[in-house]
Amino acid sequence: MDTGLLILRLVTGLLIAGHGVQKISFRLGGSGLAGGTEEFRQDGFRGGALTALAAGAGQIGSGLLMAAGVLTPLASAGAIGVMTVALTVKWPNGLWTQKDGYEYPLVLIVTAAALAFTGPGRHSVDQALGLLPWPACWSVTAAAAGVASGLATRALLHRPAQLAHAMPPEGDRSR
């Protein structure tokens, strides 16, 4: 079981971190901070570069913590939060990835929640530091806080569809 949790943590955590790297740099096929900023603008979010940096940092941080098995409930909450935002963006497209749906963010949310509930396993920094087992209430709190933070981010930073396309890019006051 511990080897399975290690593999699950490594694959999931590194994919989430890699996705964050793409948002803010040219590494791993990313289009730099300008590309990440534009992606958020096209998805109707306010905040420009700061939004892209926060999302990228959240993905990198939570992904690396998850991969190493460090502060697993916190790592899970962070991953669930950023992937909940992604799920809300893709929700109108339906479930399946072939139609740019929310299938992939949902899998990452469920995986992060499962890791919050199972713990990171014996091959983790949490175990090495003697932090395991986590109290069960921390797992529930992590999952709930992740979803709540993602939904709050969406509510605070997302513009209604009709305004998202009508507003000029930040810094462009010509319109």
Side-chain angles (χ1 to χ4, degrees), residues 8-68 70-118 139-165 167 169-170:
L8 185 64
R9 278 194 352 261
L10 285 172
V11 170
T12 304
L14 292 176
L15 285 173
I16 291 170
H19 196 72
V21 167
Q22 290 178 320
K23 286 227 178 336
I24 61 173
S25 77
F26 292 100
R27 302 272 186 219
L28 305 177
S31 50
L33 183 57
T37 301
E38 184 58 28
E39 177 186 343
F40 278 98
R41 284 189 182 137
Q42 287 178 356
D43 289 337
F45 284 90
R46 300 178 181 99
L50 186 58
T51 300
L53 276 171
Q59 289 171 322
I60 293 166
S62 63
L64 292 178
L65 288 173
M66 182 180 291
V70 180
L71 303 174
T72 302
L74 178 65
S76 294
I80 291 168
V82 295
M83 290 299 112
T84 296
V85 174
L87 184 145
T88 66
V89 169
K90 295 179 176 295
W91 183 265
N93 302 329
L95 176 63
W96 302 112
T97 301
Q98 289 86 347
K99 303 282 186 185
D100 197 29
Y102 60 89
E103 173 186 2
Y104 182 62
L106 178 63
V107 168
L108 293 176
I109 290 166
V110 171
T111 302
L115 286 168
F117 283 96
T118 63
S139 302
V140 173
T141 301
V147 171
S149 69
L151 294 176
T153 299
R154 171 71 181 219
L156 292 171
L157 295 180
H158 196 262
R159 295 185 287 248
Q162 64 274 19
L163 291 177
H165 298 293
M167 294 186 70
E170 289 181 27

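One-based numbering along the sequence shown. These numbers come from a predicted model, not from an experiment.
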*Asks:* Under the side-chain contact (heavy atoms from CB on, under 4.5 Å) rule, what do Gln22 and Arg27 come out as? Steps first, then yes or no, please.
*Replies:* CA-CA 6 Å; Gln22 290 178 320; Arg27 302 272 186 219; over 6 Å; no
*Asks:* Please report the shortest heavy-atom distance between Ala112 and Ser76, naming the atom on each side.
*Replies:* O-OG, 3.0 Å
*Asks:* First locate atom CG of Leu8, then atom CG of Leu115, and finally report the distance between them rounded to the nearest 0.5 Å.
*Replies:* 4.5 Å
*Asks:* Do Leu53 and Lys23 come within less than 4.5 Å of each other through their side chains, counting heavy atoms only?
*Replies:* no
*Asks:* Show every ring-ring contact (aromatic ring centres under 6.0 Å, His included) that has at least one partner inside residues 10-41, sequence neighbours left out.
*Replies:* Phe40-Phe45
*Asks:* Shortest non-hydrogen contact from Ile80 to Ile109?
*Replies:* CG1-O, 3.9 Å
*Asks:* Quick one: does Met83's side chain get under 4.5 Å of Leu87's, heavy atoms only?
*Replies:* no
*Asks:* Under the side-chain contact (heavy atoms from CB on, under 4.5 Å) rule, what do Leu14 and Leu64 come out as? Steps first, then yes or no, please.
*Replies:* CA-CA 6 Å; Leu14 292 176; Leu64 292 178; 4.2 Å; yes
*Asks:* How many angstroms lie between atom CG of Leu156 and atom OG1 of Thr51, to the nearest 0.5 angstrom?
*Replies:* 11.0 Å
*Asks:* Could you tell me which non-hydrogen atom of Ala52 sits nearest to which non-hydrogen atom of Ile24, and how far apart they are?
*Replies:* O-CG2, 3.6 Å
*Asks:* Can you tell me if Arg9 uses its side chain to pair, donor with acceptor, with the backbone of Met66 under 3.5 Å?
*Replies:* yes
*Asks:* Do the side chain of Gln59 and the main chain of Ile16 share a donor and acceptor less than 3.5 angstrom apart?
*Replies:* no
*Asks:* Please check this pair: side chain of Thr72 against backbone of Ala116, looking for a donor-acceptor N/O pair closer than 3.5 Å.
*Replies:* no
*Asks:* Does any part of the side chain of Glu38, heavy atoms only, come nearer than 4.5 Å to the side chain of Arg41, both counted from C-beta?
*Replies:* yes
*Asks:* Just distance, no hydrogens or angles: give the donor-acceptor pairs under 3.5 Å from side chains in residues 99-108, sequence neighbours left out.
*Replies:*
| from | atom 1 | to | atom 2 | distance (Å) |
| --- | --- | --- | --- | --- |
| Asp100 | OD1 | Lys90 | NZ | 2.5 |
| Glu103 | OE1 | Thr97 | N | 2.9 |
| Glu103 | OE1 | Thr97 | OG1 | 2.9 |

*Asks:* Look up atom CG in Leu10 and atom CG in Leu15, then write down how far apart they are to the nearest 0.5 Å.
*Replies:* 10.5 Å
*Asks:* Ignoring hydrogens and angles, tell me if any N or O in the side chain of His158 forms a donor-acceptor pair with the backbone of Thr88 under 3.5 Å.
*Replies:* no
*Asks:* Of all the heavy-atom pairs spanning Ser62 and Ala75, show the shortest one and how long it is.
*Replies:* CB-O, 3.5 Å
